[in-house]
Amino acid sequence: MDFTERKVDETYCFRGRIINTRVDNIILPNGKPSMREVCEHPGGVGVLPIWQDGTVTLVRQFRYPFGETMLEIPAGKLDHGPDEDHYTCGVRELKEETGCTADEVVYLGCIYPSPGFSNEVTHLYAARGLHQGETMLDEGEFLELVRMPVKELEERIANGEVRDAKTVAAMYQAHIRGFL
């Protein structure tokens with residue numbers, strides 16, 4: 001069966017710095033009309049920094065939509081133009097948020113964090129052969145670096161303490177590829 005939904009038209013409701021929202025009128029696979037609410041997002045990159053000693057570097061930061069301080073892998077938006085390369089973005093965000101540079105940055109694939117309403121794509125990387133330097137945080141960016149053993153992060157994911165999707169997915173992808 002063809003599950004494709006065809007767009008008839010779209011109406012933008014909001015255009016912002018991070019997202020745009022629109023309502024699309026569509027035709028369902030059975031020919032009936034319906035509508036979809038869509039959040040357009042430029043996408044992002046997350047990097048799992050893996051140290052030789054079996055630890056990883058994470059960032060702790062407040063996430064306003066949830067009203068929580070969360071533990072996550074370093075990450076950022078693809079916000080340097082429509083042709084920004086996700087590898088370049090990942091290397092930049094790793095350096096800015098953690099101060100780290102890496103001898104090896106390996107692509108782990110991408111995830112669709114909320115495919116029911118958003119077109120966001122998050123690209124994931126593992127960084128190895130790390131060298132510590134100084135962070136270069138953006139203005140208005142407040143975070144704390146946290147270095148912990150891989151096993152501890154796995155336990156925190158298993159007990160629900162770490163719920164950030166990109167972090168969970170990057171850990172899984174790094175694990176199945178034998179990087180951890």
Taken in chain and number order and not counting sequence neighbours, the residues that satisfy salt bridge (charged side-chain N to carboxylate O under 4.0 Å, His left out) with Glu68 are Arg163
Taking ILVMFWY side chains as joined if any heavy atoms are under 4.5 angstrom apart, and letting links pass through other members, which residues group with Leu28?
Ile26
Quick one: side chain to side chain donor-acceptor pair (under 3.5 Å) partners of Asp138, sequence neighbours excluded?
none
Cys100 side chain reached by Lys95 side chain, heavy atoms, under 4.5 Å
no
All pairs passing side chain to side chain donor-acceptor pair (under 3.5 Å) where residues 106-118 contributes a residue, at least two apart:
Tyr107-His123
Residues in ring-ring contact (aromatic ring centres under 6.0 Å, His included) with His41, at least two apart?
none
I'd like to check the salt bridge (charged side-chain N to carboxylate O under 4.0 Å, His left out) partners of Arg177; sequence neighbours left out, ordered by chain and number.
none
Can you list the residues that meet the ring-ring contact (aromatic ring centres under 6.0 Å, His included) rule with Phe117, with sequence neighbours excluded?
none
Val162: which other cluster members, linking ILVMFWY side chains closer than 4.5 Å, directly or transitively?
Leu48, Ile50, Val56, Leu58, Leu71, Ile73, Val106, Leu108, Ile111, Leu124, Val146, Met148, Val150, Leu153, Ile157, Val168, Met171, Phe179, Leu180
All pairs passing salt bridge (charged side-chain N to carboxylate O under 4.0 Å, His left out) where residues 117-126 contributes a residue, at least two apart
none
Nearest-0.5 Å distance, CG of residue Leu130 to OG1 of residue Thr57
6.5 Å
If you look at every heavy atom in Glu97 and Pro74, which pair is closest and at what distance?
OE1-CA, 3.3 Å
Only pairs at least two apart or in different chains count here, so list each salt bridge (charged side-chain N to carboxylate O under 4.0 Å, His left out) that has a residue in residues 36-57.
Glu5-Arg36, Arg22-Glu40, Asp53-Arg147
Across all chains, not counting sequence neighbours, the side-chain contact (heavy atoms from CB on, under 4.5 Å) partners of Leu137 are Thr135, Glu141, Leu143
Under a single-linkage rule joining Ile, Leu, Val, Met, Phe, Trp and Tyr whose side-chain heavy atoms are separated by less than 4.5 Å, which residues share a cluster with Val8?
Ile27
